[in-house]
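This report concerns only the one structure given below.
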Amino acid sequence: MTETQRETYDPGALEARWQAEWEEGGINSFTASELRSAPNPYYNLMMFPYPSAEGLHVGNIYAFTGADVHGRFQRLQGRDVFEPIGFDAFGIHSENFALKVGTHPMELIPRNVANFTRQLRRIGGMFDWDHTVDTTQPEYYRWTQWLFLQLYKGGLAERKEAPVNWCPSCMTVLANEQVIQGACERCDTGVEQRRIAQWFFRISGYAERLLENLDHIDWSDSTKKAQRNWIGRSEGALLRFPVAGSTPGPDSPQEEGEVVEVFTTRPDTVFGATYMVLAPEHPMVDRFTSPGRRGEVEAYRRRASAMDMVTRQKVEEKEKTGVFTGGYCRNPATGEDVPVWIADYVLMDYGTGAIMAVPGHDERDFEFATAFELPIVRVVNPHGEEGDDPPAEPFMGDGTMVNSDRFDGLPVSEAKEEITAWLQERKLGEARVSYRLHDWCISRQRYWGPPIPIVHCPACGPVPVPEEELPVLLPRVEDFKPDAQGVSPLARVEEWYRTTCPECGEEARRETDVSDTFLDSAWYFLRYPCADRDDVAFDEEITRKWLPVDCYIGGNEHAVLHLLYARFITMALKDLGHLDFEEPFTVFRAHGLIIREGAKMSKSKGNVIIPDRIIEEYGADTFRTYLMFLGPFEEGGDYRDEGIHGPYGFLKRLWETVVPVAELGDRPPDPEVERKLHQTIRKVSEQLPELQYNTSIAAMMEYLNAVRAGGRAAARGEVEPLVVLVAPFAPHLSEELWRRLGHQGSIFQGGNWPEYDPAKAEEKSATIAVQVNGKVRATLTAPVGIAEEEALELARSDENVQRHLDGGEIRRVIYIQDRLLNLVVG
RNA sequence: GCCGGGGUGGCGAAACGGUAAACGCAGGGGACUUAAAAUCCCCCGGGCUUAGGCCCUUCUGGGUUCGAAUCCCAGCCCCGGCACCA
């Protein structure tokens, strides 16, 4: 045994050495001038983590490794890859946890961040630690506040009293996105409605643009679909139902009488609208309520507002409820009076908060009408059917109009247009597009966030804090518990909120709400390259050079929250003249989910993977490689504890194969092995950009097996390129082997990705499957490019093929070059 | 209910419409060892067969095709998201 053979693969020591070398050499970080001058910039972004007390979980590591593999691959191909990481540390998660353990978040968060940083370094990501962000640092949130002011000045932020989702347990307002089936996404408590003055960003005005741009960006399909659904565009009409008894004139109903506006996607069915329903919160409910019904109406409204969202979760089982107001409107098509009800199945949030009910052609209205014995009228017949009797089931399909006066006989699609036009002429309606997307409520009645930089002045109203006075520091407050009344903790800190008006100098009061965490993360990618700048949020020149982000990788759980807000903020900043692009992420890829032994991981099940322990035992390279080997990156995979032996053995064998080569000198590569090498280079080079990591690793394993087949020793030319192919997955090991092969510096400097040579990859002989009537009866080995006749000749001489031909006539021959020959016999 | 993604060996998974199961885990056998580890070699979907080989097998049922895991239709099941959105 020689000394070199005894030197074993020791990932712990090797990885520590290389991490130190990267650090000292600044291999992964850019200086300010490098950022300006990089010839071939590539911005590789991953979703920054929320630094929990538990430390990085495998899901984080999986995502970061997948993104890092991509970044390293780009770098090996000669790109100047900027790969930053940071911490999304504001918000209710941190705050609730701090409350639970009784430690102030200002102490807790830095501790968690330090631990995360340690772990992030340990997994060997190519992070630029000189350009990191922590959203809770004044140096960062100063610019979050600046961003708010830009939107405010641009008219995109407004304060309005609005019904909001209120979680009585977390004691805070929730965004619609944070309400899951009527319950708080965090604590599962039923969500109530409250009216509070809130700050909103007018994202709904961007709905169409946010929707349209989806056609032009290279994002995971599932993510785009989710955004489309969330935006929820629907075409229809706004129809006006005059209030009965208010004597509307035919020309200008609004002037002479009141109207109720409804949004419908089925204006064609207006002749079948036999009643109306307002949301319980609708402002006109009082107007309709007759004295005799007031008590009932009031009771219903109270009940609805208390349990609104909660009861709505059980749509299926729930019986429709509602109350007649005693009032009537006139159907603008039939001229008949229809009763006005209120019911919680109509949402104040959507459309106009009021509907025309067409029980004949809408399931919900049908159910309601049946329950309360309201009239049902047929206005659409299925194609080929005739009749004008009330349908026994609501009919939503296509058909022809009936009971609709002069529109009878028209198909639904035409009736939609003509009836809308007809009502429009009489100013009783117009075509309208409606969106599900609401304005973004950014106010939070909590402590752990950036104070919204506004001063409320009794004389001047809301006044923005002058930019030069930013940041508005979040004060250290010991008692930061949320308040049951929905008053922000900061509202209890008088010495903090008492201030003077920036405009008139009179005594005034600071806004005591803080902003939503999603605002912090809606722009962080702009900050990274300029994280060292304290004079601007982001530098114009640097931004033009590095953005938009070339590739963004993250979880699809953020498909509609973070990703939509980031797009909106980018568009808004463009409109306000701060950016020259409007889509922040050129490419977005959603990664899959890791499960363990076939089951979802959760703390309660006690089956979470503890990364530190695995890395300690096998090394970061093995852990990374295994995670990427589990399954297709975009689909996720099943982490089985024993499976890690595969990738570990692979890296170990790679070490054992390459180390002797480095020390024992050279000889020419074996031609067969070299062929396989170039085939492998091709596969890996093609698959890595597609994030097909698992099959890339498989190809490399297959190749290493070929190199080592029968215990043969490798030649340098056989393994040196493999060391580079492996580098994105196992960067430390590759660095070490690269150095031992005699190279100076880092493998990641200088575009070392191997060139694929098609000539060398070419096979000399092909294995051709011979089928008789579609069943394989023989395989033959023949020179590549063999002609059909020759292949046929060879096939015929095969005994087994002959037997199956059995003297029958060959009716047809299908020949696929170098692959397959199918003989069809009759 | 709607929108995504899936159903392939004991397991994780591969397969431009062209030899299903590459790669890996687990398992079995062998070589080398005093022994173990490491390493290397072989086997490893099911059923037949003396051999040569044959039949079956990608959730189910139909279809298109010379040929289907792959395309089309219908259905079942699992995972994720949304959900009275008018």
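Every value quoted in this text rests on a predicted model; they were computed, and no experiment measured them. The sequence lines fix the lettering, A, B, ..., with proteins before strands; numbering per chain opens at 1.
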State whether [X] and [Y] are salt-bridged, where the test is any N-O pair (Lys NZ or Arg NE/NH1/NH2 against Asp/Glu carboxylate O) under 4.0 Å.
X: E208(A); Y: R233(A); answer: yes
X: D218(A); Y: R589(A); answer: yes
X: K416(A); Y: E235(A); answer: no
X: D215(A); Y: K224(A); answer: no
X: R803(A); Y: E799(A); answer: no
X: R675(A); Y: E672(A); answer: yes

Checking contacts here: which listed nucleotide ([options]) is nearest the side-chain heavy atoms of [X]?
X: P632(A); options: rA14(B), rC66(B), rC3(B); value: rA14(B)
X: T695(A); options: rG18(B), rA15(B), rG24(B); value: rA15(B)
X: I816(A); options: rA83(B), rC25(B), rG18(B); value: rG18(B)
X: R436(A); options: rU19(B), rC66(B), rA83(B); value: rA83(B)
X: K225(A); options: rG24(B), rA13(B), rG4(B); value: rG4(B)
X: R653(A); options: rA86(B), rG18(B), rC40(B); value: rC40(B)
X: R819(A); options: rG18(B), rG6(B), rA86(B); value: rG18(B)

Which whole number of Å gives the distance between the [atom1] atom of [N] and that of [M]?
N: rG29(B); M: rU19(B); atom1: C1'; result: 28 Å
N: rC11(B); M: rC44(B); atom1: C1'; result: 13 Å
N: rG62(B); M: rA68(B); atom1: P; result: 14 Å
N: rG24(B); M: rU39(B); atom1: P; result: 13 Å
N: rU60(B); M: rC78(B); atom1: C1'; result: 15 Å
N: rG12(B); M: rC59(B); atom1: P; result: 14 Å
N: rA31(B); M: rA36(B); atom1: P; result: 11 Å
N: rC54(B); M: rU64(B); atom1: P; result: 27 Å

Tell me what [X] touches on the nucleic acid: a base, only sugar-phosphate, or nothing, going by heavy atoms under 4.0 Å.
X: I355(A); value: base
X: N822(A); value: base
X: N694(A); value: sugar-phosphate
X: R803(A); value: sugar-phosphate
X: N800(A); value: sugar-phosphate
X: S434(A); value: nothing
X: R708(A); value: sugar-phosphate
X: G592(A); value: nothing

Report the base-pairing partner of [N] (Watson-Crick or G-U wobble, both distances below 3.5 angstrom), or none.
N: rC54(B); value: rG47(B)
N: rG17(B); value: none
N: rU39(B); value: rA31(B)
N: rC82(B); value: rG1(B)
N: rA68(B); value: none
N: rG12(B); value: rC23(B)

Quiz item: Does anything in residues 770-789 of chain A reach RNA chain B, meaning a heavy atom under 4.0 Å, and if so which residues?
Solution: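 By residue number: Q771(A), K775(A), V776(A), R777(A), T779(A).
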Self-check item: Within residues 644-651 of chain A: residues closer than 4.0 Å to RNA chain B (heavy atoms)
Solution: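 Going residue by residue through residues 644-651 of chain A, the ones with a heavy atom under 4.0 Å of RNA chain B turn out to be H645(A), G646(A).
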OP1 or OP2 of [N] sitting under 4.0 Å from any side-chain N/O of [X]?
X: N705(A); N: rG24(B); answer: yes
X: S234(A); N: rA86(B); answer: yes
X: H804(A); N: rC54(B); answer: yes

Quiz item: Are side-chain heavy atoms of F263(A) and T265(A) found at a separation under 4.5 Å?
Solution: yes
Self-check item: Contact check, side chains of D344(A) and R303(A), non-hydrogen atoms, under 4.5 Å
Solution: no
Self-check item: ring-ring contact (aromatic ring centres under 6.0 Å, His included) between F368(A) and W341(A), worked out
Solution: CA-CA 11 Å; F368(A) 191 83; W341(A) 288 61; 5.5 Å; yes
Practice problem: Rounded to the nearest angstrom, tell me the gap between atom CD1 in I595(A) and atom P in rG6(B). | Solution: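 After rounding, the reported distance stands at 15 Å.
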Quiz item: Rounded to whole angstrom units, what separation is found between the CE atom of M628(A) and the P atom of rG12(B)?
Solution: 19 Å
Quiz prompt | Ring centre gap for F629(A) and F729(A) strictly below 6.0 Å | solution = no
Quiz item: Taking only residues at least two apart or on different chains, which pairs with a member in residues 696-711 of chain A satisfy salt bridge (charged side-chain N to carboxylate O under 4.0 Å, His left out)?
Solution: K676(A)-E702(A)
Exercise. Take Q692(A) and E634(A) through the test side chain to side chain donor-acceptor pair (under 3.5 Å) and record every step on the way to the result.
Key: CA-CA 8 Å; Q692(A) 290 160 2; E634(A) 291 174 86; over 6 Å; no
Self-check item: Under-3.5 Å donor-acceptor pair between K600(A) side chain and rC79(B) base
Solution: no
